[in-house]
Amino acid sequence: MWKRLLLIRGAELFAFGMLVAIPVFVNNSYALGLLTLLAIYGILLIGLDVSVGYLGQVNLGHAAFLGLGAYASGLCVTLLGFGMPAALGVSLLVGLVIGALLALPALRLEGPQFALATLSFSALTVTTLNEWESLTGGAQGLQLDRPALLGVHLGAAGFYWLCMILLALVWMLMRNLLSSHWGRAFEALRDSPIATDAMGVGTYRFKVAAFAIGSALGSFAGGLYAFNFQYLQPHSFVYELMVILLLGVVLGGRKSLWGAVVGAALIVLLPNLLSNRMLFQVFSALGLLLAVVAGVRGMMNKSTRPFQAIAPIVAMGSLVVGGMLVANTEDWRKAIFALMLFSVVVGLPEGLMGFITRFLSQLFSVAPPPLPAPAALDEVLAARPMQDKPLLELRNLKRYFGGVKAVDDVSMAVHSGHIHGLIGPNGSGKSTAVNVISGLYAPTGGQVLLHGKALPEGSLYQVARVGIARTFQNLQLFGELSALDNVMVALKGVYRCPLPLLLLGFARREEKRAQAQSLALLELVGLAQQARSKAKDLTYGAQRFLEIARALACKPDLLILDEPAAGLAQPDVAQLIAIIKRIHQRGITIILIEHHMDVVSELCDRVTVLDGGKVIAEGSAEEVKRHPLVIQAYLGVEHTE
Ligand code: ADP
Ligand code: MG
C-alpha cells in the first residue's frame, strides 16, 4: 500500500519539483517559453481527455474552446480592464457555459455525428472571431498586456510558476473528480448508456457535465495562453491545432493525467522537432524503436496481431527514411502528424503512459491498493418487511411496434416479497413488457403502478430512481470497468459528498464505504475474488451474476431478471438459483423471466404465462403447468428442457 502511494505521489512530486526548479538554474528564455506552454497545454489536454478518454467521444471542438478562452481573457483585459484572476475566471465560465450549451444538443448524437457537431462549432467559432472585427480585431489580431497579479507584475519565470501551480491544482482536483463516482459514471456511459440510465445514474446529465468540465479547462488554458503570448489571432485555433491536440491525448495516453502532460510535452516539442533535422532523426529513430518494442511485446503476449505490430513499424520506418530524404520536414508536417497518429492508434492504443505504467508496475510489482472488508449485508440491503399486497400492477398494458402487438392488453399484479415468474414462448412479449415497465419503451396504452402510484413512462432513469432495477437479456455490462466498479457505478445511498468538497479530496471515506458495500454484493453473487477483473474478461456466467449484483446496488424494491439463466451451464444454473433465493430472503420482490420450467417451479410463488402478447394463464407453477392453453402454446414445445 505504502510502496504504491510513495511511488505514485513521489513521482508526481519529483516531476513537479524538477519542473518548478528549472528557471532557478536555467536562464534561457526560449526554454522557459516552452515550459510555460507545457503547463498550459497540460491543463488543456487534461480537459480534452475528459471527453476523448473518459466519454470516448471524438471531440473536435477543443481548440475552439482554447480560442474562446483566450479571447475572453484578452477582451476582459483590453476592454474592461480586468485583473488576471477575474479574467481567468471569466474564461473558465465561458467554457463551462458554452460547453454545456453545445453538449445539450450535440451529446444526443452518437459517434461521427458528434464529431461533426463539434467540428461545425469549431468552424463557427473561428469564423466569428475572425469576422467580428470591431470586437476582436479580426485577422489583424488582438494585442494585450499581461495584467498584474494581485499587484505584482509577473516576469517570464513568475508567469511560468503561476502556470505550473495552476497545472498542479487542476491535476489534483481532476484526480479527485475522476477517481470518484463521477469519473466512473463518465466511463460507464461510454460502455453502455442504456445500463447507466437503467441503474439510475442519468447518462445525459453526466455527459453534459463531463463535456462542460472538459471545455471549461480548455478555455481556462486559453486564458493563460492569452497572457503568455499577449497576442491572439483566430487562425491559431483552427483544424491543424485540433489534430495536434488529439495526437497529444492519444499518444500521451487516454484516461491518464500523466498521459495528458506527456502529450503536452510532445505537442510543445513538435515544432522544434520539425525544424531541426538532427532532432527529427533522433526522434523518429526513437519512435521506430518504440514501435518495434511494443510490437514484439504485443506479439509475445499474443495481445497484438502481426499486422498491428508491423503497421506502426512501417509507418515509423518511413518517418526515419523520409527524414533523410526530405529537405524541409516542416512542409511535410501534416503527413508526419498523420503517420504518428496512425502508428499510435494502431500500435500503442494505451498511449505512452499506458505502456510505461504497465511496464513499471511489472518491474516494481506494485500491488493495487488493498480493498476494505465487505460490509455486512444488512447495511447494504436492509431486509424489507414482508407484506402481502401488490407492489407492482400492470393494467391493460399495451405496446405495439407498428402492426406487431408485442404486449397486448396485459394485466397482472406482482405481490410484495414474491418471486413472480413471467414465462412464455419466444416472442411472446416478456422482454417488451419488462422494457415498458423499466422505462426503456413508453407504453402504447395502459398503466403501470408501483405502490399504487403511476410509474414514470419512457424513462429508464426515472423508473430506476423510484426503486426498480433490472438486468438485460443481452448483457449490458460496463466492459472496460472492473467488476467492483460496475457495482460501484450503480450503488445508491452512499455518495453524498458535495462536489466542491469531493474535488478537494474529502470523499475518501465514502469511497471506502462504497467499496465495502459493493464487495458485499459481489460476495452475494460469488464474485468477491474477481472484484478487480475487467467485466469483459469474466466468464459468461460470471457476467450474468455481475449484472445481478450491479442491479442490487440500486437497492431496489423490485428486481427484474430477464432470462438470467439463458446460456448458463448446469452448475451455473444451480448457483443462480441459490443467488435468487438469497436475494428473496432480503425481502426484495423479483420478476423472473425464465425458460427452464424446473427453475420456475423451484423459485416462483406465482407465474404469469404470456403468448402472443396476451396473458393466457396465471397461478402457481403447478397450476399453470397443467393449464391446457399453456401446454398447447409453450410446454408442448419446450417441455423436454
Ligand atoms: P420475448 O422476450 O417474450 O421473447 P419480445 O418481447 O422480445 O419477446 O418480443 C415480442 C415481439 O415484439 C416479437 O415479435 C418481437 O419481434 C417484437 N419486438 C420486440 N422488440 C421490438 C422492437 N424494438 N421493434 C420491433 N419489434 C419488436
Ligand atoms: Mg426476451
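Atoms within a ligand are numbered from 1 in the order they appear, just like the ligands themselves.
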- prompt: Has Gln473 got an N/O/S atom less than 2.8 Å from the Mg ion (ligand 2)?
  reply: yes
- prompt: Considering all heavy atoms of both residues, which atom of Ser518 and which atom of Met488 are nearest to each other, and what is their separation?
  reply: OG-CG, 3.1 Å
- request: Could you check atom 10 (C) of ligand 1 against the protein and tell me its nearest heavy-atom contact, residue, atom and distance included?
  value: Gly427 O, 3.5 Å
task: Salt-bridge test for Arg184 and Glu511: reply yes if a basic N is under 4.0 Å from a carboxylate O, no otherwise.
output: yes
statement: For Tyr441, the ligand 1 atoms with a heavy-atom partner under 4.0 Å come out as 23 (N)
message: So, regarding Lys430 and ligand 1 (criterion: nitrogen or oxygen to nitrogen or oxygen, under 3.5 Å), is there a contact or not?
response: yes
query: Is the charged tip of Arg190 near the ring of Phe186: under 6.0 Å from the six-membered ring centre and within 45° of its axis?
result: no
- request: Show which atoms of ligand 1 fall inside a sub-4.0 Å distance from at least one heavy-atom site of Asn426.
  value: 4 (O)
message: Among all the protein's non-hydrogen atoms, which is closest to atom 12 (O) of ligand 1, and how far away is it?
response: Ala406 CB, 3.2 Å
- request: Verify the neighbour count for atom NZ of Lys405: are there more than 12 heavy atoms of other residues, nucleotides or ligands below 6.0 Å?
  value: no
message: Tell me whether Arg465 contacts the main-chain N or O of Gly200 through its side chain, where contact means a donor paired with an acceptor under 3.5 Å.
response: yes
- request: Look up atom 3 (O) of ligand 1 and tell me if a protein heavy atom lies less than 4.0 Å from it?
  value: yes
query: Where is the nearest protein heavy atom to atom 7 (O) of ligand 1: which residue, which atom, and how far?
result: Ser431 CB, 3.7 Å
query: Can a donor-acceptor pair be found between the side chains of Glu547 and Gln476 at a distance below 3.5 Å?
result: no
task: Around atom 9 (O) of ligand 1, find the nearest protein heavy atom and jot down its residue, atom name and distance.
output: Thr432 OG1, 3.7 Å
message: Ignoring hydrogens and geometry beyond distance, is a side-chain donor-acceptor pair present between Arg399 and Thr432 at under 3.5 Å?
response: no
message: Just checking: Thr432, one of its N/O/S atoms, less than 2.8 Å away from the Mg ion (ligand 2), yes or no?
response: no
Aromatic plane relationship, Tyr495 with His181 - under 30° parallel, 30 to 60° tilted, over 60° perpendicular: parallel
field: Top protein contact for atom 14 (O) of ligand 1, by heavy-atom distance
entry: Val404 CG1, 3.9 Å
task: Starting from atom 22 (C) of ligand 1, locate the nearest protein heavy atom and write down its residue, its atom name and how far away it is, to 0.1 Å.
output: Phe401 CE2, 3.4 Å
- prompt: Should Glu622 and Lys625 count as an ion pair when the cut-off is N to O under 4.0 Å?
  reply: yes
message: With a cutoff of 4.0 Å, is Gly429 in contact with ligand 1, counting heavy atoms of the residue only?
response: yes
